Protein chains: 2
Amino acid sequence: MNLSKTSQYAIRVISFMAYDNRQIYPASVLVKKLKISDKYLKRLLTTLSKHGIVRSIQGRYGGFVLDKKPENIFIYDIVAAVENIEKYYGCILGFSECSDENPCPLHEKWAPIRDELINLLKNTSIADVVKNPKIMKF
Amino acid sequence: MNLSKTSQYAIRVISFMAYDNRQIYPASVLVKKLKISDKYLKRLLTTLSKHGIVRSIQGRYGGFVLDKKPENIFIYDIVAAVENIEKYYGCILGFSECSDENPCPLHEKWAPIRDELINLLKNTSIADVVKNPKIMKF
DNA sequence: TTCATATACTACATTATTGTGGTATTTGAT
DNA sequence: ATCAAATACCACAATAATGTAGTATATGAA
């Protein structure tokens, strides 16, 4: 019951870049700092650039930069960029036809919790995350 | 953000058995009723019997019976029987060292939601589920 | 005792996620 | 123009979850 590893990686990278903002980071530096598998992180950064969350600068002295202010990048956007966000709206028992109108037996209990989670993702920006980065060891 | 398919299967089977309690169901009947892959469901039922949630009766005219009253079987027990329940207690950002004392940046917001979910699983019995089985098409 | 029909077990197949390797392409500094 | 150093791309490897096949074993009814 958590975000995918890919989402977690993405949040950590973006957070690191936000922590010391407006600087160009080559992927190699991010790999070393965050200890995420080299090729996987590079691919992830390309994905994030295609979704307008980072900007990629090719060629020598290139790298990646945040494309928005940390206050305007929300966890939800990052998760939606790297995995299928629909998953987070699904029925906890897996009934595709489950809805407010046609609820599964757990719907009334689960839906509010699910909504809280989605609101958490939607309302939490990378700026919020970076306010207390202690555990992230930047 | 939902239970694993295996957990969902398990809940549906147990719910079906609770809906018409104290009857012996051969796996073949459960497979047909619930449209879950034959061998996968049989293996799942064996797992559930090893965890004392159902009782298996071998040989001709055998099958599976609930081993407790539906009021005493909780979603949490079923999930814990078929997947690693620790997963549900984990940090949303994946930090293994994240805790109340050493929180990740999302911990304060996430922990209460996570606790609500766990309470939902712990406090909801199969009897509760079966009260409104409409969507389950029993 | 035999037999039909049930569960138990073992190994393999498929799929999705995560991780790796090699090469092509881009581009600023020289 | 060339080169170093960066991203982009493509194909494959490893792992975990889910699904399938075949066989062994159990047991009540006849």
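Hydrogens, waters and symmetry mates play no part in the numbers below; they use all other heavy atoms, side chains included. Owing to the predicted nature of the structure, the values given are computational and were not obtained by experimental measurement. Protein chains get the first letters and strands the later ones, always in sequence-line order, with residue 1 at the start of each.
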Asker: Under 4.0 Å between a side-chain N/O of A:Lys50 and OP1 or OP2 of D:dC9, yes or no?
Answerer: yes
Asker: Could you give the NZ-to-C1' distance, from A:Lys5 to C:dT17, as a whole number of Å?
Answerer: 10 Å
Asker: Please state how far atom CZ in B:Phe64 lies from atom C1' in C:dT5, giving the value in whole angstrom units.
Answerer: 13 Å
Asker: Heavy atoms only: give me the nearest A:Val31-A:Asp38 pair and the separation to one decimal.
Answerer: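 For A:Val31 versus A:Asp38, the nearest heavy atoms are CG2-CA, 3.7 Å.
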Asker: Please work out if A:Ile57 contacts a base, only the sugar-phosphate, or nothing of the nucleic acid, heavy-atom cut-off 4.0 Å.
Answerer: sugar-phosphate
Asker: A:Arg60 or A:Ser56: which one's nearest nucleotide on DNA chain D is closer to the 5' end?
Answerer: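 Nearest-nucleotide comparison on DNA chain D picks A:Arg60.
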Asker: Could you state the NZ-P distance from A:Lys39 to C:dT18, rounded to the nearest angstrom?
Answerer: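 Distance check: A:Lys39 NZ to C:dT18 P gives 19 Å.
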Asker: Between B:Arg114 and B:Tyr89 (side chain of the first, backbone of the second, donor and acceptor by atom type, cut-off under 3.5 Å), is there such a pair?
Answerer: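 Yes, the answer is positive, given that a donor and an acceptor are paired below the 3.5 Å cut-off.
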Asker: Can you tell me if A:Lys42 touches the phosphate of D:dC9, counting only side-chain N or O atoms and a distance under 4.0 Å to OP1 or OP2?
Answerer: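 Answer is no, no contact under 4.0 Å.
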Asker: Ignoring hydrogens, what is the shortest heavy-atom contact between B:Gly52 and B:Asp67? Give both atom names and the distance.
Answerer: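 Residues B:Gly52 and B:Asp67, closest heavy atoms: O-CB, 3.7 Å.
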Asker: Find the distance A:Glu83:CD to C:dT17:P and express it as a whole number of Å.
Answerer: 9 Å
Asker: 5'-most contact on DNA chain C: A:Gly59 or B:Gly63, nearest heavy atom basis?
Answerer: B:Gly63
Asker: Looking at every strand, decide which applies to B:Ser4 at a 4.0 Å heavy-atom threshold: base, sugar-phosphate, or nothing.
Answerer: sugar-phosphate
Asker: Within the structure shown, what part of the strands sits under 4.0 Å from A:Thr6 by heavy-atom distance: base, sugar-phosphate, or nothing?
Answerer: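 Sugar-phosphate contact only - A:Thr6 comes under 4.0 Å of backbone atoms but never of a base.
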Asker: In whole angstroms, how far is the P atom of C:dT5 from the CG atom of B:Leu30?
Answerer: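 Taking atom P of C:dT5 as the reference, CG of B:Leu30 is at 18 Å.
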Asker: Quick one: B:Asp38 CG to D:dT18 P, roughly how many Å, whole number?
Answerer: 18 Å
Asker: With nearest nucleotide decided by heavy atoms, which residue, A:Tyr61 or A:Ser37, maps closer to the 5′ end of DNA chain C?
Answerer: A:Ser37
Asker: Taking the minimum atom-to-atom distance to the side chain of A:Ala27, which one of D:dT7, C:dT18, D:dG19 wins?
Answerer: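 The nucleotide sitting nearest to the side chain is D:dT7.
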Asker: Can you say whether a donor on the side chain of A:Arg43 sits under 3.5 Å from an acceptor on the base of C:dT20, or the other way round?
Answerer: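 Side chain to base: pair found, below 3.5 Å.
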Asker: When you look at CD of B:Glu108, are more than 12 heavy atoms from neighbouring residues, nucleotides or ligands closer to it than 6.0 Å?
Answerer: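 Incorrect, the count does not exceed 12.
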Asker: Would you say A:Tyr9 places a side-chain N or O within less than 4.0 Å of OP1 or OP2 belonging to C:dG19?
Answerer: yes
Asker: Would you please confirm or rule out a distance under 4.0 Å between OP1 or OP2 of C:dA8 and any side-chain N or O of B:Thr46?
Answerer: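 Affirmative; the distance criterion is met.
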Asker: Using whole Å, what does the distance between atom C1' of nucleotide C:dT7 and atom CZ of B:Arg55 come to?
Answerer: 14 Å
Asker: Write down the distance between NZ (B:Lys35) and P (D:dG19), rounded to a whole number of angstrom.
Answerer: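 Atom NZ in B:Lys35 sits about 16 Å away from atom P in D:dG19.
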Asker: Taking the six-membered ring of B:Tyr76 as reference, does the cationic atom of B:Lys122 (NZ for Lys, CZ for Arg) lie under 6.0 Å from its centre and within 45° of its axis?
Answerer: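 Yes, B:Lys122 lies over the aromatic ring of B:Tyr76.
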Asker: Which one, D:dC9, C:dC9, D:dT20, comes nearest to the side chain of B:Tyr40?
Answerer: D:dT20
Asker: Identify which one of A:Tyr25, A:Tyr9, A:Phe64 satisfies the ring pair (Phe, Tyr, Trp, His ring centres under 6.0 Å) criterion when paired with A:Phe16.
Answerer: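 That would be A:Tyr25.
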